[in-house]
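All remarks here apply to the structure that follows.
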Amino acid sequence: MAAGAMARAVSWLWGGLGLAALGLAWETGHRAFGPFVLPAPAEAGVRLAGLLADGDAWPALAVTAGNALGGWLAGALIGAGLGIAGGLVGPLGAALRPVVTVTLGVPPIAWVVLALLWFGPRGGAPAFTVLVTAMPVVFAAAFQGLAARDSRLGEMATVYGAPLLLRLRMLILPQLFDHLLPALATALALAFKVAVMAEVLGGGVGIGGRIATARAHLDLAETMAWILLVVAVLLVCDGLLLAPLRRLLAARRPSAPVSAAG
């Protein structure tokens with residue numbers, strides 16, 4: 001337990017150092033190019049604090065978080081379900097792979113335009129675009145995870161007559177974690193980027209709409225403040241939703257054997 005806490009503390013420390021290096025690069029860019037190209041980090045931070053303090057940021061944040069997380073969750077469930085089904089049933093997997101490849105090959109901007117035509121600027125266009133962006137990523141991970149699973153464990157479960165649900169819970173899902181977790185993290189990051197992009201193009205009431213307004217006013221400090229808010233929310237969501245799964249996966253891995261000399 002103590003070793004795990006120490007490892008998490010070290011990981012948090014290195015993560016903080018990485019963010020500090022990014023902030024330093026931002027400050028260096030500000031000093032090199034000036035405020036008309038890149039505002040100072042302190043200025044953007046003050047503007048963000050003001051948006052949060054006067055309550056102006058919370059409604060926009062709720063809309064964007066709902067679009068991103070709702071589309072991500074739906075895309076993850078559909079993608080994982082189809083990937084598992086396609087991995088277990090060969091003909092179904094052969095039929096699904098080209099369809100998912102085509103879906104993945106359509107640029108997100110094209111999905112945004114189509115979704116705006118289908119749902120309207122105030123409808124579910126951002127959430128739908130997130131869904132169709134996240135689903136192929138998770139599908140590919142689930143499908144590949146099943147393809148790489150240890151078939152001998154499945155054969156042994158079949159010999160002993162293990163029920164399908166038991167095999168799914170005890171054999172298939174644990175073996176999928178290594179592939180699914182990176183895909184879920186990638187899809188979560190894409191979810192917020194795509195949701196904001198759809199809101200910018202559709203003139204929505206979320207953070208993307210506020211970025212579009214700040215852009216129209218040539219207010220770089222407020223634009224960067226909204227971007228900081230999106231990134232902060234993404235980090236919080238990753239920590240709340242995916243970090244526990246990473247710890248669970250790490251706990252399930254067998255410890256490295258200790259050599260006789262050690």
_Using every non-hydrogen atom in the two residues, find where P59 and G55 come nearest and quote the distance to one decimal._
CD-O, 3.3 Å
*Partners passing ring-ring contact (aromatic ring centres under 6.0 Å, His included) against F128 (at least two apart in sequence or in another chain)*: W118, F119
*Among pairs that include at least one residue of residues 10-53, which meet ring-ring contact (aromatic ring centres under 6.0 Å, His included), considering only residues two or more places apart or in two chains?*
none
_I'd like to check the side chain to side chain contact (heavy atoms under 4.5 Å, CB included) partners of P108; sequence neighbours left out, ordered by chain and number._
T133, V194, M197
_Gap separating the OG1 atom of T213 from the CD atom of E222, nearest 0.5 angstrom_ = 8.0 Å
_Smallest separation among heavy atoms of V132 and T103, with atom names_ = O-CG2, 3.8 Å
_D238 CG to R246 CZ distance, which is reported to the nearest 0.5 Å_ = 4.0 Å
*Would you sort out whether N67 and V130 count as a side chain to side chain contact (heavy atoms under 4.5 Å, CB included), showing the intermediate values?*
CA-CA 8 Å; N67 288 329; V130 170; 5.7 Å; no
*asked:* Can you list, by chain and residue number, the hydrophobic cluster partners of V205 when the side-chain cut-off is 4.5 Å?
replied: V63
_V99 with L77, same ILVMFWY side-chain cluster at under 4.5 Å_ = no
*How close do L176 and A142 get, heavy atom to heavy atom, and via which atoms?*
CD2-O, 3.4 Å
*Same apolar cluster: L220 and L228, side chain cutoff 4.5 Å*: no
*With T129, which residues qualify under side chain to side chain donor-acceptor pair (under 3.5 Å), at least two apart?*
none
*asked:* Membership question, hydrophobic clusters at under 4.5 Å side-chain separation (ILVMFWY): are L19 and L24 in the same one?
replied: no
*asked:* By the salt bridge (Lys or Arg N to Asp or Glu O under 4.0 Å) test, which pairs, at least two apart or in different chains, include something from residues 104-121?
replied: none
*Can you list every side-chain hydrogen bond (donor to acceptor under 3.5 Å, both in side chains) pair that touches residues 182-195, not counting sequence neighbours?*
none
*Hey, any chance L242 and F192 share a hydrophobic cluster, counting ILVMFWY side chains that come within less than 4.5 Å of each other, even indirectly?*
yes
_Grouping I, L, V, M, F, W and Y whenever their side-chain heavy atoms are under 4.5 Å apart, do I211 and W58 come out in a common cluster?_
yes
*If you look at every heavy atom in T223 and A214, which pair is closest and at what distance?*
OG1-CB, 3.4 Å
*Look up atom CG in L229 and atom OG1 in T64, then write down how far apart they are to the nearest 0.5 Å.*
8.5 Å
*asked:* List the residues meeting side chain to side chain donor-acceptor pair (under 3.5 Å) with E27, not counting sequence neighbours, and say none if there are none.
replied: R31
_On a heavy-atom basis, which atom in A44 and which in M224 lie closest, and how many Å separate them?_
CB-CB, 3.9 Å
_Please evaluate residues L201 and V113 with respect to the criterion side chain to side chain contact (heavy atoms under 4.5 Å, CB included), reporting the C-alpha separation (whole Å), side-chain torsions for both, the decisive distance (0.1 Å), and the verdict._
CA-CA 8 Å; L201 295 177; V113 174; 5.5 Å; no
*If you group Ile, Leu, Val, Met, Phe, Trp and Tyr whenever their side-chain heavy atoms sit less than 4.5 Å apart, what else falls in with V236?*
L240
_Could you go through L69 and L241, starting from their C-alpha distance and side-chain angles, then the distance that decides it, and tell me whether this counts as side chain to side chain contact (heavy atoms under 4.5 Å, CB included)?_
CA-CA 10 Å; L69 293 177; L241 299 175; 4.2 Å; yes
*With sequence neighbours left out, write down each residue that passes side chain to side chain donor-acceptor pair (under 3.5 Å) with W72, or none if nothing qualifies.*
none
_Filter on salt bridge (Lys or Arg N to Asp or Glu O under 4.0 Å), then keep only pairs touching residues 55-72, sequence neighbours left out; what's left?_
D56-R210
*Provide the closest heavy-atom pair for L180 versus V138 in the form atom of the first, atom of the second, distance.*
CD2-CG1, 3.9 Å
*Residues clustering with L104 (ILVMFWY side chains joined when closer than 4.5 Å, directly or via others)*: V137, L190
